2 protein chains.
Amino acid sequence: MDDPSSHQKNKLQTEEKILLAAKKVFIEKGFDGASTSDIARAAGVNKALLHYYFRSKEKLFQQVFRQCIIELWEKSFSILGQPIDLFDKIKLFINKTTEAYLSAPRTLNFVMYEITKWDNSMASLFSDELEKIFLPNVEVFYKQVEQEARKGTIKPVDPFSLLLDIVSLIQLPLTHGLIILNLNTYHNIKDPYTFFKERAQHTAESIIHCLRSDC
Amino acid sequence: MDDPSSHQKNKLQTEEKILLAAKKVFIEKGFDGASTSDIARAAGVNKALLHYYFRSKEKLFQQVFRQCIIELWEKSFSILGQPIDLFDKIKLFINKTTEAYLSAPRTLNFVMYEITKWDNSMASLFSDELEKIFLPNVEVFYKQVEQEARKGTIKPVDPFSLLLDIVSLIQLPLTHGLIILNLNTYHNIKDPYTFFKERAQHTAESIIHCLRSDC
DNA sequence: GTCTATAGGCGGATAGAC
DNA sequence: GTCTATCCGCCTATAGAC
């Protein structure tokens, strides 16, 4: 190549290639289960290159994890801050979260586990996003719930508990649904995809119904 | 000791000691994060002894995991099969699950993560318990829900979905509650213990209220 | 920027003395 | 039944050639 920036391009391509491979392997095996050799092999490069670009397994992991959190945020939680009707918001949030899971099933399990091993140094990686993006958007949701209650559209509820309920009702069946489905003797479920889609629909309707009526 | 069975006793004590240490370390660090050296150190014995009693890290892990699952079953899910009133059962199940978590917080995270890495060889470790104890007890719950619906005590619901809802509403806040509480800007929560206890209470009441009324 | 070669340590597992 | 000593392989990370 005679392009003078081809070195730079190669660099970016390789860095990206490693990051993608690392994401794949870390999500599959977790931090402790993944080795730098696994990642290098998956990326089609040598182990030494990982350290050239990312200095250490730990730092590579942090970038992967950061990316996963931000994607999860963009794909589902960001909806909480949008200026739309509360009921539509709840439906959209549930559907988007379900879709995010179905398009990359292991990611949610990975994030949910690794996050429990978080220490403060990890948390500080996100302090900016947390304060400037995440928390303000969630607070939009809280405010909206309070407002609708004052208007009488919904009965008064604790917004934090409501959010916790919604997240719980969607996430756990998604992260552990496949196992639960295997243990299930009640239904004969052929297609997990359809099951999750229908459950998302049904869950959203139940929550909204509960908010409207007095239960 | 002149007790002729003292050898046997030592054996049992040591085996038990290793198993306890392994449980502690595996729960803390996960299978991949834990090393046999960690476990030996925690047990106050040599690495060689682990292999003498359990043959491999894998087999030691299986025993630990098995024990965790069975304890979890005894402490919470077994309630589903008891011959008591449905509403009492739901309350008891929620309270017991919450207590089980509060008495050993990391255990639930550990089980929930490792279970997602399950393969069939692991599943076969429990096939007996599954078929003879677990599933029949869960089916008692399903039957009971159907029966109450026929009597008109509750509105008709899908028993499998109901169980999934209940488990979701309790477990996710427990396994990830501490992180969520740190991110929470809505409440000023001083005492997680009280928060979880109160939430358990409130969740049980909500579910029962929903079952009774038409929502 | 990318490779090979290798350091240095820790992983799980085993042999053999007591 | 319990220990020390040790094997071998894989781990993360680095040095240095190209």
Side-chain angles (χ1 to χ4, degrees), chain A residues 1-65 114 117 119 121-122, chain B residues 1-65 114 117 119 121-122:
Chain A
M1 306 197 215
D2 42 11
D3 182 348
S5 68
S6 67
H7 269 175
Q8 183 63 7
K9 272 185 188 165
N10 278 344
K11 177 179 165 168
L12 284 176
Q13 279 171 16
T14 306
E15 198 171 339
E16 191 62 20
K17 214 163 59 176
I18 294 172
L19 206 55
L20 271 171
K23 196 173 163 186
K24 186 173 171 297
V25 175
F26 276 134
I27 287 174
E28 247 169 44
K29 306 193 175 186
F31 177 79
D32 292 320
S35 76
T36 51
S37 316
D38 290 335
I39 296 168
R41 200 177 313 117
V45 298
N46 194 278
K47 272 198 290 182
L49 270 187
L50 307 204
H51 294 93
Y52 175 76
Y53 283 111
F54 299 96
R55 290 227 358 239
S56 71
K57 182 189 177 185
E58 181 83 30
K59 292 214 189 309
L60 177 54
F61 174 78
Q62 286 174 358
Q63 292 214 24
V64 167
F65 191 66
E114 298 292 340
K117 298 195 288 182
D119 58 358
S121 73
M122 265 301 245
Chain B
M1 301 198 217
D2 44 11
D3 181 346
S5 68
S6 65
H7 269 177
Q8 183 65 6
K9 273 186 188 165
N10 279 343
K11 176 179 166 167
L12 284 177
Q13 279 170 16
T14 307
E15 199 169 340
E16 191 62 19
K17 215 163 54 173
I18 293 172
L19 207 54
L20 272 170
K23 196 172 163 187
K24 186 173 170 299
V25 175
F26 276 133
I27 288 174
E28 248 169 45
K29 305 191 177 188
F31 177 78
D32 291 320
S35 76
T36 51
S37 314
D38 289 336
I39 296 169
R41 201 177 312 118
V45 299
N46 194 279
K47 271 200 289 182
L49 268 187
L50 306 203
H51 295 93
Y52 174 76
Y53 282 111
F54 299 94
R55 291 226 358 239
S56 71
K57 182 190 177 184
E58 182 82 30
K59 292 214 187 310
L60 177 53
F61 174 79
Q62 285 173 359
Q63 291 216 23
V64 166
F65 191 65
E114 297 293 340
K117 298 195 287 182
D119 59 359
S121 73
M122 264 302 246

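Values below: every heavy atom of this structure, side chains too, minus hydrogens, waters and symmetry copies. This one's a predicted model, so the numbers in the text were calculated from it and none came from an experiment. Lettering follows sequence order; numbering is per chain, from 1.
- Contacts between residues 34-41 of chain A and DNA chain D, defined by a heavy-atom separation under 4.0 Å, are made by Ala34(A), Ser35(A), Thr36(A), Ser37(A).
- Put simply, CG on Leu50(A) and OG1 on Thr14(A) are 11.5 Å apart, with the number rounded to the nearest 0.5 Å.
- In this structure, Glu15(B) CD and Leu49(B) CG are separated by 10.5 Å, a value rounded to the nearest 0.5 Å.
- Salt-bridge formation is detected for the pair Lys117(A)/Asp32(A): a Lys NZ or Arg NE/NH1/NH2 atom is positioned less than 4.0 Å from an Asp or Glu carboxylate oxygen.
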Can you name the atoms? Protein N/O to nucleotides 3-9 of chain D N/O, anything below 3.5 Å, with the distance.
from   : atom 1 : to       : atom 2 : distance (Å)
dT4(D) : OP2    : Asn46(B) : ND2    : 3.2

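- Straight-line distance from the CZ atom of Phe54(B) to the P atom of dG12(C): 15 Å, rounded to whole Å.
- Distance Leu50(A) CG to dA15(D) P: 17 Å, rounded to the nearest Å.
- Checking side-chain atoms of Lys57(A) against main-chain N and O of His51(A) turns up no donor-acceptor pair under 3.5 Å.
- Between Phe54(A) and Gln62(A), every side-chain heavy-atom pair lies at or beyond the 4.5 Å cut-off.
- For the pair Lys59(B) NZ and dG12(C) C1', the interatomic distance rounds to 14 Å; values are reported in whole Å.
- For His51(B), the listed nucleotide lying nearest its side chain is dT14(C); candidates were dG1(C), dT14(C), dT2(D).
- Residue Ile39(A) holds its CD1 atom at 13.5 Å from NZ of Lys23(A), rounded to the nearest 0.5 Å.
- The separation between Tyr52(B) atom OH and dG16(C) atom P is 17 Å, rounded to whole Å.
- Put simply, CZ on Phe61(A) is 14 Å from P on dA13(D), counting in whole angstrom units.
- Among all heavy-atom pairs drawn from Glu114(B) and Phe65(B), the shortest one is CB-CE1, 3.7 Å.
- Ring geometry for Phe31(A) against Phe61(A) counts as perpendicular: the plane angle is over 60°, on a 0 to 90° scale with 30° as the lower cut.
- One atom, OH of Tyr53(B), and another, C1' of dA13(C), lie 18 Å apart when rounded to the nearest Å.
- The salt bridge (charged side-chain N to carboxylate O under 4.0 Å, His left out) test applied to Arg41(B) returns Asp38(B), not counting sequence neighbours.
- Note: CG (Leu60(A)) to P (dT12(D)) measures 11 Å, nearest angstrom.
- Rounded to whole Å, the distance from NZ on Lys17(B) to P on dG1(D) is 14 Å.
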